[in-house]
Number of protein chains: 2
Amino acid sequence: MPRPRSLSHDDLAAAALAVIDRDGLAALSMRAVAVELGMGTMSLYRYVSDREQLEGLVVERVLAGVDVSPPPGSWTDQVTALVERVRAAVRVHPEVVPLTMTHRHTSAALLRWTEAILGVLAGAGFTGRRRVLALRALLGHLVGSLQLEHLGPLSGAGTGIMAGLPREEFPLLAETAREAREVPPGEEFGQGLAVLLAGLRTFLAMDEG
Amino acid sequence: MPRPRSLSHDDLAAAALAVIDRDGLAALSMRAVAVELGMGTMSLYRYVSDREQLEGLVVERVLAGVDVSPPPGSWTDQVTALVERVRAAVRVHPEVVPLTMTHRHTSAALLRWTEAILGVLAGAGFTGRRRVLALRALLGHLVGSLQLEHLGPLSGAGTGIMAGLPREEFPLLAETAREAREVPPGEEFGQGLAVLLAGLRTFLAMDEG
DNA sequence: CGCTGTAGGCGTGCGGTGTACGCTTACGAC
DNA sequence: GTCGTAAGCGTACACCGCACGCCTACAGCG
């Protein structure tokens, strides 16, 4: 009976995401989001109990569009597609990567995605503890790659520094870093995933044979 | 000729680490470290130009003790040992995990470690781009596993929530989460690494054959 | 011994953060 | 038209990193 809400949770998330995309994750603050929405800072707390919860809404918004239906193909193709879709969704907003780490376990979208991955793994013959470890390994690769790519891409400054390291002390590192500068992020991620899947396939074969 | 320094960089790092271990990473502040050292907040800036640099010192201290000499054995055994040593060093101070992510590329200890890993990979026959991708995959697994373990261990609350999910909507997730609660973190990490190494081995064989 | 210059240590203050609390005000139902 | 509820906001507090300037302990020198 009192006045109706003028904003939805998704409006909040969109405003926060706009701040992040424009000014970076460090610029995300309750005040900044309030300005973005044209309202007072404390008004946000009518919709959200916490900065924490607002961050969760942002993550949810980023991940909400991910299609969790496995495409036709082998189980490795299906896993690859599902993992690549998450990566693609996150890469559109690189600055939210740290948030996806923190709020990983509260995202409904990610729960649905995990269920889909588990479905593929189960269909491939992974059961019990093997399935737990397979999921965890895939998740580890996804998280690790996103993190590495975000705060130290192969083409970035860190690699440049390594490439210029004294060759007598770090011969391999210097050479490898020079090589690394020419590896595009997509290939890095994809090949790493392929290695992991090859390993999982041998484990599966061990189990069956 | 003026009065001598009364603190070393390592003293600062030790004090900061004490704060982190006692009160958590969120409690790390220049003021808290100063209190820990029994001095004024601004005195810290005689030793350190920045909070950023102080964090770097903490990471360096945590990683400094890691032995980078590969043990005898196969190349996979050597890689496993080196990776496990970093994991062991970081696990002593779980709260610094996020810092190790951020300051990864500025740590001298980690550079030496990377050089050692590359030495093992080179000895095993990895060259050029293959070596880049192998290193990156290993680093991805290390980072991802540390991150996952830190903010969502299999035995933690998140897994418990998943285990209690509605079975009609998330049948596999609920079942897998129940199974996951009994997987110790060490096994999770070790098996994931084993899978990755199995994959790398097949890639190496492909290259040779 | 006393002087002197360097650099260690510290106090204050500024602009930022998240958010607790209480007020005003718009609105739907009677 | 009146009333109750909840939306929206202003103020205030405790915390943060850090710029700036002051005071002072000390090593080297005459």
Side-chain angles (χ1 to χ4, degrees), chain A residues 1-61 95-96 98-99 101-103 106 151, chain B residues 1-61 95-96 98-99 101-103 106 151:
Chain A
M1 41 187 98
R3 75 195 271 192
R5 294 187 101 79
S6 54
L7 264 45
S8 71
H9 270 184
D10 212 55
D11 291 332
L12 287 214
L17 199 51
V19 171
I20 293 173
D21 286 341
R22 178 165 17 89
D23 302 323
L25 180 59
L28 179 67
S29 73
M30 303 305 275
R31 284 168 171 85
V33 174
V35 168
E36 186 76 21
L37 289 168
M39 60 191 333
T41 306
M42 296 313 291
S43 307
L44 299 180
Y45 288 88
R46 286 278 165 193
Y47 298 90
V48 128
S49 69
D50 221 88
R51 180 200 165 112
E52 184 90 358
Q53 193 187 336
L54 202 169
E55 291 179 354
L57 294 179
V58 172
V59 171
E60 196 56 30
R61 184 173 223 268
E95 293 277 328
V96 307
L99 296 187
M101 309 283 107
T102 327
H103 299 266
T106 66
L151 46 78
Chain B
M1 44 184 94
R3 74 197 272 193
R5 292 188 101 80
S6 53
L7 263 46
S8 71
H9 270 183
D10 212 55
D11 291 331
L12 288 216
L17 200 50
V19 171
I20 293 172
D21 286 341
R22 178 165 17 87
D23 303 323
L25 180 59
L28 179 66
S29 73
M30 302 306 275
R31 284 169 171 88
V33 174
V35 167
E36 186 76 21
L37 289 168
M39 60 193 330
T41 306
M42 295 313 290
S43 307
L44 300 180
Y45 288 89
R46 287 278 166 193
Y47 299 91
V48 127
S49 70
D50 222 84
R51 179 199 166 113
E52 183 90 358
Q53 192 187 335
L54 201 170
E55 290 179 354
L57 293 178
V58 172
V59 171
E60 196 55 31
R61 185 172 220 267
E95 292 276 330
V96 309
L99 296 187
M101 308 284 108
T102 327
H103 299 266
T106 67
L151 47 79

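Protein chains get the first letters and strands the later ones, always in sequence-line order, with residue 1 at the start of each.
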Is there any side-chain hydrogen bond (donor to acceptor under 3.5 Å, both in side chains) pair reaching into residues 7-20 of chain B, and which pairs are they, with sequence neighbours excluded?
B:S8-B:D11, B:D10-B:R61

Where along residues 37-54 of chain B does a heavy atom fall under 4.0 Å from DNA chain C?
B:M39, B:G40, B:M42, B:S43, B:R46, B:Y47

For residues 18-34 of chain B, pull every pair meeting salt bridge (Lys or Arg N to Asp or Glu O under 4.0 Å), keeping only residues two or more places apart or in separate chains.
B:R22-B:E36

Quick one: does any side-chain atom of A:E95 pair with a main-chain N or O of A:G24 as donor and acceptor, under 3.5 Å?
no

Under the side-chain contact (heavy atoms from CB on, under 4.5 Å) test, residues paired with B:M30 that sit two or more places apart
B:T41, B:L44, B:Y45, B:V48, B:R51, B:L54

Applying side-chain hydrogen bond (donor to acceptor under 3.5 Å, both in side chains), name anything that partners A:Y47, two or more places apart in sequence or on another chain.
A:S6

So, OP1 or OP2 of C:dG8: does either fall under 4.0 Å of a side-chain N or O from B:S6?
no

With sequence neighbours excluded, tell me which residues meet side-chain hydrogen bond (donor to acceptor under 3.5 Å, both in side chains) with B:E52.
none

Under 4.0 Å from any atom of DNA chain C, heavy atoms only: list the residues of residues 16-30 of chain B that qualify, in numerical order.
none

Just call it for A:R31: base, sugar-phosphate, or nothing, with non-hydrogen atoms closer than 4.0 Å on any strand.
base

So, using side-chain hydrogen bond (donor to acceptor under 3.5 Å, both in side chains) as the criterion, who are the partners of A:E60 when residues are at least two apart?
A:S107

Does anything in residues 39-50 of chain B form a salt bridge (Lys or Arg N to Asp or Glu O under 4.0 Å)? List the pairs, not counting sequence neighbours.
none

